[in-house]
K.L.:
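My structure is below; once you've seen it, I'll send some questions.
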Amino acid sequence: MMHLFLLLAGVFLSCNTYAQPTSFKFDFGSGKTAPGYIQITPGSKFSYQIGYGFDQNSIVESVDRGSDALTGDFITSNKPFFFSIKLPDGNYDVKLLLGDTKGTSATTARTECRRLMLENIRTSKGQVRTEKFTVHVKDSLIRDAEGSAISKVKLKSREVTYLHWDNLLTIEFNDSLPKVCALEITPNKTATTIFLAGNSTVVDQSNEPWAAWGQMFPRFLIPGKVAVANYAESGETLKAFKGERRLEKIWSLAKPGDYLFIEFAHNDQKEGASHLDPFTTYKQTLKEWISEAKKRDVIPVLITSMHRRRFDSTDHIINTLDDYPEAMRQTAKEENVALIDLNAMSKTLYEAWGSERSIKAFVHYPANTFPGQDKKLEDNTHFSPYGAYQLARCIVGSIQKQNLPLANFVRKEITTYDPAQPLAFEKFYWPQSVLTASTRPDGN
């Protein structure tokens with residue numbers, strides 16, 4: 001309800017957003033508070049008036065080891081818990097102190113709508129570890145150079161409940177033993193921003209068991225240097241994305257040297273008001289976006305859409321995207337822009353799994369797997385966290401293999417990825433969020 005209030009109060013916020021504090025230092029735990037930090041105890045519940053606190057009905061506890069003020073106490077829980085901070089839209093560096101001076105810990109951190117930032121960070125007994133990530137915070141208001149709201153993104157009704165349009169940064173702490181000692185937030189005005197424009201295969205899916213590659217992508221990138229700004233939404237086409245002012249919102253924030261990733265096809269191919277023909281209006285629209293990006297010194301990157309899960313009798317993928325991937329390949333060549341051929345990589349990936357094992361990469365679950373899910377889920381377009389993670393690895397792997405300038409933003413420990421040899425499902429680790437839904441995203 002609080003997130004709904006904040007979103008509906010957009011006009012009010014537009015007058016006050018840039019007077020909001022943008023830097024915070026939080027000391028988690030009920031013990032001594034470190035100088036210059038705001039103490040966060042289990043009773044620190046989020047409110048709009050305070051501007052920060054535990055959110056989403058989180059139940060947490062404090063443990064005090066009685067040592068250093070900053071690292072000697074921490075907040076933990078046996079369930080995922082959420083902490084929200086009211087912030088203007090923009091990029092922020094987040095610094096976390098994780099661990100226990102007398103025990104072990106394991107923490108996965110996600111932001112906004114389950115955007116993966118830190119994956120299974122483990123500390124040994126007595127260790128407190130510093131971890132960082134850079135996150136993009138957004139709202140739906142479009143502002144001019146002076147910061148005044150001039151228009152607004154036309155959101156779909158379901159987006160009102162999303163955690164990524166609400167003028168807040170929400171962090172989900174998850175895993176088998178999360179222990180948070182401290183949290184610091186500072187604005188980052190210099191980081192390169194990678195804006196993502198796409199549909200349900202790209203968006204930060206808000207609920208389990210759905211996922212998309214865009215929400216896994218930040219995990220592989222170097223903090224401080226780059227931020228991922230995911231503006232994709234389920235059901236979108238190139239035409240609708242622009243018509244709803246999502247592209248205008250991106251242009252209002254983008255600066256020279258930023259990137260625009262473009263991945264559309266699944267919905268553009270459908271008949272209707274937003275239909276685009278692959279070799280005419282689809283290519284023409286892509287070229288218009290590329291031209292607009294270049295005028296702003298923003299670097300466009302085209303991404304061919306991944307296949308749907310449809311196999312023939314010989315266990316090979318059937319192309320259900322018609323000529324759209326080829327039209328995008330041609331456009332990239334004609335406009336001399338980078339291409340990430342996810343369509344080709346997904347064919348290799350799916351066929352490496354085969355028709356049976358590939359089920360694990362998509363949303364296929366028996367009835368009653370999740371709360372309120374009384375029917376089985378069988379979706380051959382949308383991905384489970386496992387499938388979305390492997391597609392994100394394909395994206396990063398292509399960047400590395402092509403040695404694109406973007407490769408400088410990839411974390412050094414991330415090895416190259418071969419879609420012909422994907423990580424086995426049994427080896428994939430994903431602590432589930434408490435945010436679940438059985439409603440299929442738009443698009444198929």
Side-chain angles (χ1 to χ4, degrees), residues 196-203 205 210-214 232-242 261-287 289-290 300-335 337-355 358-359 361-364 378-384 387-388 390-395 397-398 419-420 422 440-444:
L196 306 185
N199 53 34
S200 60
T201 65
V202 185
V203 69
Q205 293 286 357
W210 320 93
W213 69 258
E233 173 52 26
S234 297
E236 291 299 292
T237 64
L238 280 163
K239 189 175 180 179
F241 193 92
K242 182 177 180 180
F261 281 22
I262 305 169
E263 190 236 287
F264 292 91
H266 285 78
N267 303 308
D268 304 74
Q269 70 176 164
K270 300 170 187 174
E271 294 300 323
S274 290
H275 172 76
L276 296 176
D277 180 75
F279 291 121
T280 57
T281 49
Y282 180 75
K283 287 182 68 174
Q284 177 185 339
T285 304
L286 287 173
K287 290 182 178 184
W289 286 30
I290 290 168
V301 177
L302 301 187
I303 303 176
T304 57
S305 292
M306 74 293 290
H307 285 278
R308 297 180 177 94
R309 179 183 168 272
R310 186 175 297 179
F311 288 85
D312 64 19
S313 59
T314 65
D315 233 17
H316 288 87
I317 281 292
I318 298 171
N319 175 31
T320 63
L321 291 172
D322 303 324
D323 293 321
Y324 290 85
E326 179 56 28
M328 185 168 275
R329 294 183 189 107
Q330 291 182 13
T331 304
K333 186 175 182 180
E334 291 164 7
E335 296 297 310
V337 299
L339 175 78
I340 295 175
D341 199 347
L342 189 56
N343 180 261
M345 288 185 287
S346 69
K347 183 178 189 298
T348 300
L349 180 66
Y350 298 178
E351 291 178 356
W353 282 321
S355 58
S358 63
I359 287 176
F362 291 80
V363 178
H364 281 248
E378 293 181 301
D379 187 334
N380 293 310
T381 298
H382 300 113
F383 304 96
S384 67
Q390 305 315 307
L391 289 169
R393 288 301 315 267
C394 287
I395 296 283
S398 180
R440 178 181 176 139
D442 282 358
N444 57 56

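Along the sequence shown, residues carry numbers from 1.
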K.L.:
Find out whether L321 and Q269 are in side-chain contact, i.e. whether some heavy atom of one side chain is under 4.5 Å from a heavy atom of the other.
P.N.:
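Counting from C-beta outward, L321 and Q269 do come under 4.5 Å.
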
K.L.:
If you look at every heavy atom in L342 and C394, which pair is closest and at what distance?
P.N.:
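Of all heavy-atom pairs spanning L342 and C394, the closest is CD1-CB, 3.8 Å.
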
K.L.:
Is the distance from the ring center of Y350 to that of F362 below 6.0 Å?
P.N.:
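Here the rings of F362 and Y350 have centres that are less than 6.0 Å from each other.
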
K.L.:
Taking all non-hydrogen atoms of both residues, which atom of M306 and which atom of W213 are closest, and how far apart?
P.N.:
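Closest heavy-atom pair between M306 and W213: CE-CD1, 3.7 Å.
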
K.L.:
Side chains of L339 and I303, heavy atoms from C-beta outward: is any pair under 4.5 Å?
P.N.:
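A side-chain contact is absent here, since even the closest heavy-atom pair is not under 4.5 Å.
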
K.L.:
Atom NZ in K270, atom NE2 in H275: separation rounded to 0.5 Å?
P.N.:
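Between atom NZ of K270 and atom NE2 of H275 there are 12.5 Å.
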
K.L.:
If you compare all heavy atoms of A197 against all heavy atoms of F241, which two are closest, and at what distance to 0.1 Å?
P.N.:
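So the minimum-distance heavy-atom pair works out to CB-CZ, 3.6 Å.
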
K.L.:
For E233, which residues count as a salt bridge (charged side-chain N to carboxylate O under 4.0 Å, His left out) partner, sequence neighbours excluded?
P.N.:
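In terms of salt bridge (charged side-chain N to carboxylate O under 4.0 Å, His left out), with neighbours along the sequence ignored, E233 is linked to R158.
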
K.L.:
Which pair of heavy atoms, one from P441 and one from S200, lies closest together, and at what distance?
P.N.:
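Taking every non-hydrogen atom into account, CB-CB, 4.3 Å.
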
K.L.:
Are any non-hydrogen side-chain atoms of N380 and R310 less than 4.5 angstrom apart?
P.N.:
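Side chain of N380 against side chain of R310, heavy atoms only: no contact under 4.5 Å found.
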
K.L.:
Is T381 close to R440 at the side-chain level, that is, under 4.5 Å between some pair of heavy atoms?
P.N.:
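Yes, side chains in contact.
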
K.L.:
Please give me the minimum heavy-atom distance between S274 and T237, naming the atom from each residue.
P.N.:
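Scanning both residues, the minimum pair turns out to be CB-OG1, 3.3 Å.
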
K.L.:
Assess whether side-chain contact (heavy atoms from CB on, under 4.5 Å) is satisfied between H307 and T320, documenting all intermediate values.
P.N.:
CA-CA 7 Å; H307 285 278; T320 63; 5.6 Å; no

K.L.:
Are any side-chain N or O atoms of S398 and backbone N or O atoms of I395, one a donor and one an acceptor, separated by less than 3.5 Å?
P.N.:
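No, because the side chain of S398 does not come within donor-acceptor range (under 3.5 Å) of the backbone of I395.
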
K.L.:
Would you compute the distance between atom CE of M345 and atom CD of Q390 and round it to the nearest 0.5 angstrom?
P.N.:
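Spacing of CE (M345) from CD (Q390) equals 12.5 Å.
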
K.L.:
Look up atom CG in D379 and atom CZ in R308, then write down how far apart they are to the nearest 0.5 Å.
P.N.:
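It comes to 10.5 Å.
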
K.L.:
Would the W289 and F264 ring centres measure less than 6.0 Å apart?
P.N.:
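They qualify: ring centres under 6.0 Å apart.
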
K.L.:
What residue among N199, V202, V203, T201 forms side-chain contact (heavy atoms from CB on, under 4.5 Å) with S234?
P.N.:
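The option that passes is V203.
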
K.L.:
Compare all side-chain heavy atoms of F383 with those of Q205 and state whether any distance is below 4.5 angstrom.
P.N.:
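When only atoms from C-beta onward are counted, Q205 and F383 do not touch, as no gap falls below 4.5 Å.
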
K.L.:
Measure the acute angle between the ring planes of Y282 and Y324, then classify it against the limits of 30° and 60° as parallel, tilted or perpendicular.
P.N.:
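Ring orientation of Y282 relative to Y324: perpendicular.
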
K.L.:
Rounded to the nearest 0.5 Å, what separation is found between the CD1 atom of I262 and the CG atom of L196?
P.N.:
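With rounding to 0.5 Å, CD1 (I262) is 11.0 Å from CG (L196).
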
K.L.:
Identify which one of L302, T285, V301 satisfies the side-chain contact (heavy atoms from CB on, under 4.5 Å) criterion when paired with I290.
P.N.:
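In the set L302, T285, V301, the residue that makes a side-chain contact (heavy atoms from CB on, under 4.5 Å) with I290 is L302.
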
K.L.:
With sequence neighbours excluded, give me every salt bridge (charged side-chain N to carboxylate O under 4.0 Å, His left out) pair touching residues 311-333.
P.N.:
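Sorted pair list: E326-R329, R329-D341.
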
K.L.:
Counting only N and O atoms by type, is there a donor-acceptor contact under 3.5 Å from the side chain of T304 to the main-chain atoms of P325?
P.N.:
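It does not hold such a pair.
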
K.L.:
If you count the non-hydrogen atoms of other residues, nucleotides and ligands that lie under 6.0 Å from NZ in K242, is the total more than 12?
P.N.:
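No.
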
K.L.:
Is there a side-chain contact between L349 and L391 (heavy atoms, below 4.5 Å)?
P.N.:
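A side-chain contact under 4.5 Å exists here.
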
K.L.:
Is there a side-chain contact between E236 and D442 in this structure, where contact means two heavy atoms from C-beta onward sitting under 4.5 Å apart?
P.N.:
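Answer no - side chains too far apart.
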
K.L.:
Among residues at least two apart in sequence or on other chains, which ones pass salt bridge (charged side-chain N to carboxylate O under 4.0 Å, His left out) with K239?
P.N.:
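Not a single residue meets the salt bridge (charged side-chain N to carboxylate O under 4.0 Å, His left out) criterion with K239.
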
K.L.:
Within the 4.5 Å heavy-atom criterion, are H364 and R309 side-chain neighbours or not?
P.N.:
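Contact flag for H364/R309 side chains = yes.
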
K.L.:
Nearest heavy-atom pair of E263 and S305: which atoms, and what distance?
P.N.:
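Looking at all heavy atoms of both residues, the closest pair is OE2-OG, 3.0 Å.
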
